[in-house]
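The structure that follows is given in the form of C-alpha coordinates.
Per chain, numbering begins at 1; letters A, B, ... match sequence-line order.
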There are 2 protein chains.
Amino acid sequence: MSDVLTILKKHHLSNTDSRRAVLEAFLQTEIALAHQDIERETKERFDRVTIYRTLQTFIDKGIVHTIPSADSGTRYALCRENCSEGHHHDNHVHFICDACGRTSCLDDVAIPSVSLPKGYKVGKIDMVVNGVCPECQ
Amino acid sequence: MSDVLTILKKHHLSNTDSRRAVLEAFLQTEIALAHQDIERETKERFDRVTIYRTLQTFIDKGIVHTIPSADSGTRYALCRENCSEGHHHDNHVHFICDACGRTSCLDDVAIPSVSLPKGYKVGKIDMVVNGVCPECQ
DNA sequence: GTAACTGCAAAATATTTGCATCCTT
DNA sequence: AAGGATGCAAATATTTTGCAGTTAC
(Lines give C-alpha, C1' and ligand atoms only; values in the text may rest on other atoms or scores of the structure.)
Protein backbone atom coordinates (compact mmCIF):
# COMPACT_ATOMS: atom_id res chain seq x y z
CA MET A 1 0.00 0.00 0.00
CA SER A 2 1.29 3.44 -0.85
CA ASP A 3 2.58 5.80 1.80
CA VAL A 4 -0.33 8.06 1.16
CA LEU A 5 -2.94 5.44 1.86
CA THR A 6 -1.06 4.25 4.91
CA ILE A 7 -1.07 7.71 6.37
CA LEU A 8 -4.74 8.28 5.70
CA LYS A 9 -5.69 4.94 7.18
CA LYS A 10 -3.52 5.45 10.23
CA HIS A 11 -5.34 8.65 11.03
CA HIS A 12 -8.81 7.33 10.22
CA LEU A 13 -9.37 9.70 7.34
CA SER A 14 -11.39 8.82 4.30
CA ASN A 15 -9.55 8.32 1.05
CA THR A 16 -10.40 11.25 -1.18
CA ASP A 17 -8.81 12.74 -4.27
CA SER A 18 -7.75 15.95 -2.61
CA ARG A 19 -6.26 14.30 0.44
CA ARG A 20 -4.23 11.95 -1.68
CA ALA A 21 -3.04 14.77 -3.94
CA VAL A 22 -2.07 17.08 -1.08
CA LEU A 23 -0.22 14.33 0.74
CA GLU A 24 1.62 13.40 -2.42
CA ALA A 25 2.68 17.00 -2.88
CA PHE A 26 4.27 16.92 0.56
CA LEU A 27 5.92 13.56 0.01
CA GLN A 28 7.47 14.71 -3.24
CA THR A 29 9.34 17.64 -1.77
CA GLU A 30 11.89 18.39 0.88
CA ILE A 31 10.65 21.85 1.60
CA ALA A 32 7.69 23.34 3.38
CA LEU A 33 4.81 24.34 1.15
CA ALA A 34 2.65 27.43 1.12
CA HIS A 35 -1.01 27.13 0.29
CA GLN A 36 -0.26 28.47 -3.16
CA ASP A 37 2.51 25.91 -3.75
CA ILE A 38 0.02 23.19 -3.01
CA GLU A 39 -2.51 24.57 -5.46
CA ARG A 40 0.19 24.54 -8.11
CA GLU A 41 1.54 21.08 -7.21
CA THR A 42 -1.91 19.61 -7.45
CA LYS A 43 -2.31 21.28 -10.86
CA GLU A 44 -5.24 23.41 -9.78
CA ARG A 45 -7.44 20.37 -9.69
CA PHE A 46 -8.97 21.41 -6.39
CA ASP A 47 -10.77 24.39 -5.09
CA ARG A 48 -8.81 26.77 -2.89
CA VAL A 49 -11.27 26.15 -0.09
CA THR A 50 -10.86 22.41 -0.31
CA ILE A 51 -7.14 22.79 0.14
CA TYR A 52 -7.61 25.00 3.18
CA ARG A 53 -9.92 22.45 4.68
CA THR A 54 -7.68 19.53 3.82
CA LEU A 55 -4.72 21.25 5.44
CA GLN A 56 -6.73 22.03 8.55
CA THR A 57 -7.77 18.41 8.80
CA PHE A 58 -4.16 17.30 8.49
CA ILE A 59 -3.10 19.75 11.19
CA ASP A 60 -5.85 18.53 13.50
CA LYS A 61 -4.77 14.94 12.96
CA GLY A 62 -1.09 15.65 13.47
CA ILE A 63 -0.09 14.89 9.87
CA VAL A 64 1.29 18.31 9.05
CA HIS A 65 2.47 21.27 11.09
CA THR A 66 2.67 24.96 10.37
CA ILE A 67 5.88 26.95 10.48
CA PRO A 68 5.85 30.37 12.09
CA SER A 69 7.08 33.28 10.08
CA ALA A 70 7.08 37.01 10.56
CA ASP A 71 7.35 37.91 6.91
CA SER A 72 6.11 35.39 4.41
CA GLY A 73 2.81 33.61 4.82
CA THR A 74 1.95 30.36 6.50
CA ARG A 75 3.86 27.31 5.40
CA TYR A 76 3.13 23.68 6.04
CA ALA A 77 5.29 20.60 6.34
CA LEU A 78 4.79 16.93 7.09
CA CYS A 79 5.26 15.83 10.65
CA ARG A 80 7.92 13.17 10.53
CA GLU A 81 6.79 11.19 13.53
CA ASN A 82 5.18 11.13 16.88
CA CYS A 83 2.46 13.63 16.18
CA SER A 84 -0.93 12.49 17.24
CA GLU A 85 -4.36 13.99 17.11
CA GLY A 86 -4.44 17.39 18.76
CA HIS A 87 -0.86 17.23 19.86
CA HIS A 88 2.21 18.10 17.84
CA HIS A 89 5.69 17.13 18.93
CA ASP A 90 7.87 18.75 16.34
CA ASN A 91 11.10 19.40 18.03
CA HIS A 92 13.23 20.40 15.12
CA VAL A 93 14.57 23.70 13.89
CA HIS A 94 13.11 25.35 10.79
CA PHE A 95 15.23 27.17 8.29
CA ILE A 96 14.20 29.93 5.91
CA CYS A 97 16.62 30.82 3.14
CA ASP A 98 16.70 34.54 2.51
CA ALA A 99 18.09 33.95 -0.96
CA CYS A 100 15.69 31.41 -2.47
CA GLY A 101 12.88 31.92 0.01
CA ARG A 102 12.49 28.23 0.69
CA THR A 103 11.52 26.96 4.10
CA SER A 104 12.72 23.59 5.29
CA CYS A 105 12.60 21.37 8.33
CA LEU A 106 16.00 20.51 9.75
CA ASP A 107 14.80 17.23 11.10
CA ASP A 108 18.17 16.39 12.57
CA VAL A 109 18.63 19.61 14.48
CA ALA A 110 16.86 19.53 17.80
CA ILE A 111 15.64 22.70 19.43
CA PRO A 112 17.94 23.43 22.37
CA SER A 113 16.28 23.67 25.74
CA VAL A 114 15.71 27.04 27.33
CA SER A 115 14.66 27.93 30.83
CA LEU A 116 12.08 30.60 31.38
CA PRO A 117 11.52 32.70 34.48
CA LYS A 118 9.44 31.21 37.28
CA GLY A 119 5.75 31.17 36.53
CA TYR A 120 5.86 30.38 32.85
CA LYS A 121 4.51 27.03 31.81
CA VAL A 122 6.14 25.88 28.59
CA GLY A 123 4.15 24.13 25.92
CA LYS A 124 5.39 24.19 22.35
CA ILE A 125 8.71 25.73 21.34
CA ASP A 126 9.47 26.93 17.83
CA MET A 127 12.85 27.92 16.53
CA VAL A 128 13.21 29.50 13.13
CA VAL A 129 16.56 30.36 11.65
CA ASN A 130 16.91 32.72 8.72
CA GLY A 131 20.03 32.68 6.62
CA VAL A 132 21.41 31.18 3.44
CA CYS A 133 20.96 27.52 2.60
CA PRO A 134 23.70 25.26 1.20
CA GLU A 135 22.26 25.42 -2.32
CA CYS A 136 22.38 29.23 -2.39
CA GLN A 137 25.86 29.73 -0.99
CA MET B 1 12.51 65.65 26.20
CA SER B 2 10.07 62.77 26.15
CA ASP B 3 11.14 59.25 25.31
CA VAL B 4 9.09 59.45 22.18
CA LEU B 5 10.81 62.51 20.82
CA THR B 6 14.20 61.13 21.75
CA ILE B 7 13.55 58.00 19.76
CA LEU B 8 12.30 59.85 16.72
CA LYS B 9 15.22 62.22 16.76
CA LYS B 10 17.73 59.43 17.21
CA HIS B 11 16.48 57.74 14.08
CA HIS B 12 16.13 60.92 12.03
CA LEU B 13 12.39 60.66 11.68
CA SER B 14 10.10 63.63 11.48
CA ASN B 15 7.89 64.31 14.43
CA THR B 16 4.35 63.53 13.34
CA ASP B 17 1.14 62.79 15.20
CA SER B 18 0.92 59.19 14.14
CA ARG B 19 4.50 58.37 14.93
CA ARG B 20 4.20 59.85 18.39
CA ALA B 21 0.94 58.04 19.05
CA VAL B 22 2.17 54.66 17.84
CA LEU B 23 5.37 54.93 19.84
CA GLU B 24 3.42 55.89 22.93
CA ALA B 25 1.21 52.86 22.50
CA PHE B 26 4.30 50.66 22.58
CA LEU B 27 5.82 52.46 25.55
CA GLN B 28 2.64 52.07 27.56
CA THR B 29 2.49 48.30 27.36
CA GLU B 30 4.58 45.29 28.20
CA ILE B 31 3.16 43.14 25.46
CA ALA B 32 3.56 42.93 21.72
CA LEU B 33 0.85 44.66 19.73
CA ALA B 34 -1.05 43.59 16.66
CA HIS B 35 -1.97 46.15 14.04
CA GLN B 36 -5.49 46.15 15.40
CA ASP B 37 -4.34 46.74 18.97
CA ILE B 38 -2.51 49.81 17.76
CA GLU B 39 -5.56 51.16 16.01
CA ARG B 40 -7.49 50.77 19.24
CA GLU B 41 -4.74 52.20 21.45
CA THR B 42 -4.51 55.27 19.28
CA LYS B 43 -8.29 55.64 19.52
CA GLU B 44 -8.84 55.24 15.77
CA ARG B 45 -7.36 58.65 15.19
CA PHE B 46 -5.30 57.39 12.27
CA ASP B 47 -6.02 55.66 9.06
CA ARG B 48 -5.25 51.95 8.90
CA VAL B 49 -2.84 52.62 6.07
CA THR B 50 -0.96 55.23 8.04
CA ILE B 51 -0.40 52.72 10.81
CA TYR B 52 0.90 50.13 8.37
CA ARG B 53 3.29 52.68 6.95
CA THR B 54 4.35 53.94 10.35
CA LEU B 55 5.10 50.40 11.50
CA GLN B 56 7.06 49.65 8.37
CA THR B 57 9.12 52.79 8.89
CA PHE B 58 9.84 51.77 12.47
CA ILE B 59 10.90 48.30 11.35
CA ASP B 60 13.19 49.76 8.71
CA LYS B 61 14.78 52.02 11.29
CA GLY B 62 15.23 49.30 13.86
CA ILE B 63 12.73 50.75 16.34
CA VAL B 64 10.35 47.81 16.38
CA HIS B 65 10.59 44.17 15.38
CA THR B 66 8.01 41.65 14.29
CA ILE B 67 7.35 38.41 16.09
CA PRO B 68 6.80 35.27 14.04
CA SER B 69 3.70 33.26 14.67
CA ALA B 70 2.10 30.31 13.00
CA ASP B 71 -1.41 31.01 14.14
CA SER B 72 -2.26 34.59 15.02
CA GLY B 73 -1.25 37.47 12.84
CA THR B 74 1.83 39.64 12.88
CA ARG B 75 2.71 41.29 16.14
CA TYR B 76 5.13 44.10 16.79
CA ALA B 77 7.26 45.05 19.76
CA LEU B 78 9.81 47.71 20.59
CA CYS B 79 13.44 46.84 20.13
CA ARG B 80 15.05 47.41 23.48
CA GLU B 81 18.49 48.28 22.25
CA ASN B 82 21.17 47.86 19.68
CA CYS B 83 18.98 47.75 16.64
CA SER B 84 20.10 49.99 13.89
CA GLU B 85 18.82 50.82 10.48
CA GLY B 86 18.36 47.70 8.41
CA HIS B 87 19.73 45.41 11.03
CA HIS B 88 17.89 43.89 13.97
CA HIS B 89 19.70 42.26 16.84
CA ASP B 90 16.86 40.91 18.94
CA ASN B 91 18.25 37.99 20.73
CA HIS B 92 15.49 37.28 23.18
CA VAL B 93 12.82 34.65 23.39
CA HIS B 94 9.20 35.49 22.65
CA PHE B 95 6.34 34.03 24.61
CA ILE B 96 2.76 33.53 23.48
CA CYS B 97 0.22 32.69 26.18
CA ASP B 98 -2.32 30.17 24.94
CA ALA B 99 -4.74 31.28 27.62
CA CYS B 100 -4.88 35.05 27.23
CA GLY B 101 -3.38 35.19 23.75
CA ARG B 102 -0.86 37.83 24.70
CA THR B 103 2.58 37.89 23.14
CA SER B 104 5.52 39.22 25.10
CA CYS B 105 9.24 39.68 24.79
CA LEU B 106 11.24 37.87 27.43
CA ASP B 107 14.03 40.40 27.29
CA ASP B 108 16.07 38.57 29.89
CA VAL B 109 15.95 35.18 28.24
CA ALA B 110 18.57 34.85 25.54
CA ILE B 111 18.08 32.53 22.62
CA PRO B 112 20.38 29.53 23.13
CA SER B 113 22.86 28.89 20.39
CA VAL B 114 22.30 26.08 17.94
CA SER B 115 24.60 24.55 15.40
CA LEU B 116 23.34 23.76 11.96
CA PRO B 117 24.73 21.26 9.47
CA LYS B 118 27.65 22.34 7.31
CA GLY B 119 26.67 24.67 4.51
CA TYR B 120 24.02 26.71 6.29
CA LYS B 121 24.84 30.33 6.91
CA VAL B 122 22.98 31.60 9.95
CA GLY B 123 21.48 35.06 10.01
CA LYS B 124 18.63 35.81 12.36
CA ILE B 125 17.30 33.30 14.87
CA ASP B 126 13.81 33.44 16.34
CA MET B 127 12.55 31.40 19.23
CA VAL B 128 8.89 31.46 20.14
CA VAL B 129 7.54 29.60 23.15
CA ASN B 130 3.86 28.87 23.54
CA GLY B 131 2.46 28.06 26.95
CA VAL B 132 0.77 29.69 29.90
CA CYS B 133 2.01 32.96 31.33
CA PRO B 134 2.34 33.70 35.06
CA GLU B 135 -0.84 35.79 35.12
CA CYS B 136 -2.93 32.97 33.65
CA GLN B 137 -1.67 30.13 35.83
C1' DG C 1 -28.08 5.14 3.01
C1' DT C 2 -25.64 8.35 5.74
C1' DA C 3 -22.12 11.10 7.15
C1' DA C 4 -18.42 13.27 5.43
C1' DC C 5 -16.23 15.81 1.65
C1' DT C 6 -16.21 19.10 -2.20
C1' DG C 7 -17.11 23.16 -5.20
C1' DC C 8 -19.05 27.52 -5.73
C1' DA C 9 -20.44 31.98 -4.17
C1' DA C 10 -19.71 35.31 -1.08
C1' DA C 11 -18.26 37.36 3.17
C1' DA C 12 -14.68 38.73 6.27
C1' DT C 13 -10.05 40.01 7.08
C1' DA C 14 -5.45 41.62 6.01
C1' DT C 15 -2.25 44.23 3.35
C1' DT C 16 -0.68 47.16 -0.51
C1' DT C 17 -0.74 50.93 -4.00
C1' DG C 18 -1.82 55.44 -6.31
C1' DC C 19 -2.74 59.92 -5.81
C1' DA C 20 -4.04 64.39 -4.18
C1' DT C 21 -3.48 67.10 -0.06
C1' DC C 22 -1.32 68.52 4.16
C1' DC C 23 2.44 68.99 7.46
C1' DT C 24 7.31 69.18 9.12
C1' DT C 25 11.52 71.23 8.76
C1' DA D 1 9.48 76.07 -0.55
C1' DA D 2 10.31 71.09 -0.87
C1' DG D 3 10.12 66.67 0.48
C1' DG D 4 8.00 63.63 3.17
C1' DA D 5 3.72 62.01 5.62
C1' DT D 6 -1.20 61.33 5.63
C1' DG D 7 -6.06 60.12 4.24
C1' DC D 8 -9.03 58.19 1.08
C1' DA D 9 -10.33 55.07 -2.51
C1' DA D 10 -9.52 50.98 -4.43
C1' DA D 11 -6.88 46.97 -5.73
C1' DT D 12 -4.97 42.67 -4.17
C1' DA D 13 -4.33 38.77 -1.08
C1' DT D 14 -5.72 35.62 2.41
C1' DT D 15 -8.85 32.93 4.99
C1' DT D 16 -13.52 31.67 6.48
C1' DT D 17 -18.48 30.45 6.10
C1' DG D 18 -22.94 28.69 4.18
C1' DC D 19 -25.05 25.70 1.37
C1' DA D 20 -26.28 22.44 -2.11
C1' DG D 21 -24.59 18.60 -4.62
C1' DT D 22 -21.37 14.52 -4.64
C1' DT D 23 -18.64 10.76 -2.86
C1' DA D 24 -16.60 7.25 0.38
C1' DC D 25 -17.61 3.48 3.06
Side-chain angles (χ1 to χ4, degrees), chain A residues 1-2 4-25 32-40 42-61 63-76 85 101 103, chain B residues 1-2 4-25 32-61 63-64 66-76 85 101 103:
Chain A
M1 182 156 49
S2 76
V4 162
L5 296 185
T6 306
I7 293 170
L8 290 177
K9 181 158 282 182
K10 177 177 165 191
H11 293 278
H12 311 104
L13 290 175
S14 56
N15 171 8
T16 70
D17 287 353
S18 90
R19 285 174 183 170
R20 280 196 312 276
V22 173
L23 270 183
E24 260 156 25
L33 300 175
H35 178 274
Q36 202 180 322
D37 296 327
I38 297 168
E39 278 193 275
R40 183 162 21 76
T42 56
K43 305 190 176 67
E44 276 91 26
R45 280 191 295 136
F46 304 98
D47 193 86
R48 193 179 288 105
V49 175
T50 298
I51 293 176
Y52 277 114
R53 289 195 272 226
T54 301
L55 287 169
Q56 189 56 55
T57 300
F58 287 174
I59 291 167
D60 293 344
K61 292 290 184 177
I63 299 171
V64 307
H65 60 275
T66 55
I67 297 166
S69 158
D71 348 23
S72 48
T74 313
R75 281 166 193 276
Y76 309 83
E85 189 155 353
T103 300
Chain B
M1 182 155 50
S2 75
V4 162
L5 296 185
T6 306
I7 293 171
L8 290 177
K9 182 159 282 185
K10 177 176 165 192
H11 293 278
H12 312 102
L13 291 175
S14 55
N15 171 8
T16 69
D17 288 352
S18 89
R19 286 174 182 168
R20 281 196 312 275
V22 173
L23 270 184
E24 260 155 27
L33 300 174
H35 178 275
Q36 200 181 321
D37 297 327
I38 296 169
E39 278 193 276
R40 184 163 21 75
E41 292 295 320
T42 56
K43 304 190 176 66
E44 275 91 27
R45 281 190 296 137
F46 305 99
D47 193 86
R48 191 181 287 105
V49 176
T50 298
I51 293 176
Y52 276 115
R53 288 195 271 226
T54 300
L55 287 169
Q56 189 56 54
T57 299
F58 287 174
I59 290 167
D60 293 345
K61 293 290 182 177
I63 299 172
V64 307
T66 55
I67 297 167
S69 158
D71 347 26
S72 47
T74 312
R75 282 166 193 276
Y76 308 82
E85 188 155 354
T103 299

Problem set entry | Side-chain heavy atoms of A/Thr74 within contact of A/His35, under 4.5 Å | no
For this session: Using a heavy-atom cut-off of under 4.0 Å over every strand shown, decide if A/Arg19 touches base, sugar-phosphate, or nothing.
Result: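 Sugar-phosphate contact only - A/Arg19 comes under 4.0 Å of backbone atoms but never of a base.
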Problem set entry | Which residues share a side-chain hydrogen bond (donor to acceptor under 3.5 Å, both in side chains) with B/Thr103, sequence neighbours left out | none
For this session: Report the distance from atom CD1 of A/Ile51 to atom P of C/dC8, rounded to the nearest whole Å.
Result: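 It works out to 12 Å between those atoms.
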For this session: Output all residues satisfying salt bridge (Lys or Arg N to Asp or Glu O under 4.0 Å) with A/Asp37, sequence neighbours left out; order by chain, then residue number.
Result: A/Arg40, A/Arg75
Problem set entry | Under the side-chain contact (heavy atoms from CB on, under 4.5 Å) test, residues paired with B/Gln36 that sit two or more places apart |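 Testing B/Gln36 for side-chain contact (heavy atoms from CB on, under 4.5 Å), a comparison that skips the adjacent residues, returns none.
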Problem set entry | Smallest separation among heavy atoms of A/Ala70 and B/Pro68, with atom names | N-CB, 3.6 Å
For this session: Report the residues that fulfil side-chain hydrogen bond (donor to acceptor under 3.5 Å, both in side chains) with A/Asp71, sequence neighbours left out, ordered by chain and then residue number.
Result: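 A/Asp71 satisfies side-chain hydrogen bond (donor to acceptor under 3.5 Å, both in side chains) with no other residue.
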Exercise. Could you run down nucleotides 18-25 of chain C 5' to 3' and tag each one B, S or - for protein heavy-atom contact under 4.0 Å?
Worked result: B-----SS
Please table the atom pairs, donor to acceptor, closer than 3.5 Å between any side-chain atom in residues 41-54 of chain B and protein atoms at least two apart or in another chain.
from: B/Thr42; atom 1: OG1; to: B/Ile38; atom 2: O; distance (Å): 2.8
from: B/Thr42; atom 1: OG1; to: B/Glu39; atom 2: O; distance (Å): 3.2
from: B/Asp47; atom 1: OD2; to: B/Val49; atom 2: N; distance (Å): 2.9
from: B/Thr54; atom 1: OG1; to: B/Ser18; atom 2: OG; distance (Å): 3.1
from: B/Thr54; atom 1: OG1; to: B/Thr50; atom 2: O; distance (Å): 2.7

Exercise. Quick one: side-chain contact (heavy atoms from CB on, under 4.5 Å) partners of A/Leu13, sequence neighbours excluded?
Worked result: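 Result, side-chain contact (heavy atoms from CB on, under 4.5 Å) vs A/Leu13: A/Leu8, A/His11, A/Arg19, A/Thr57, A/Phe58, A/Lys61, A/Ile63.
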Seminar exercise, completed: Whole-Å distance, A/Arg48 CZ to C/dA11 C1', equals 14 Å
Problem set entry | Spacing between A/Phe46 atom CZ and C/dC8 atom P, to the nearest angstrom | 12 Å
Exercise. To the nearest Å, how far apart are A/Tyr52 OH and C/dC8 P?
Worked result: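 After rounding, the reported distance stands at 17 Å.
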For this session: Provide, to the nearest angstrom, the distance between the CD atom belonging to A/Gln56 and the C1' atom belonging to C/dA4.
Result: 16 Å
Problem set entry | Global bending angle along the helix from C/dG1-D/dC25 to C/dT25-D/dA1, which compares the axes of five pairs at either end, to 10 degrees | 40°
Exercise. For A/Gln56, what residues pass the side-chain contact (heavy atoms from CB on, under 4.5 Å) criterion, not counting sequence neighbours?
Worked result: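 With neighbours one apart ignored, the set is A/Ile59, A/Asp60.
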Problem set entry | Leading and trailing nucleotides of DNA chain D with any atom under 4.0 Å from heavy atoms of chain B | D/dA5 to D/dA9
For this session: Could you tell me whether B/Thr57 contacts a base, only the sugar-phosphate backbone, or nothing, with contacts defined as non-hydrogen atoms closer than 4.0 Å?
Result: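 Result for B/Thr57 = nothing.
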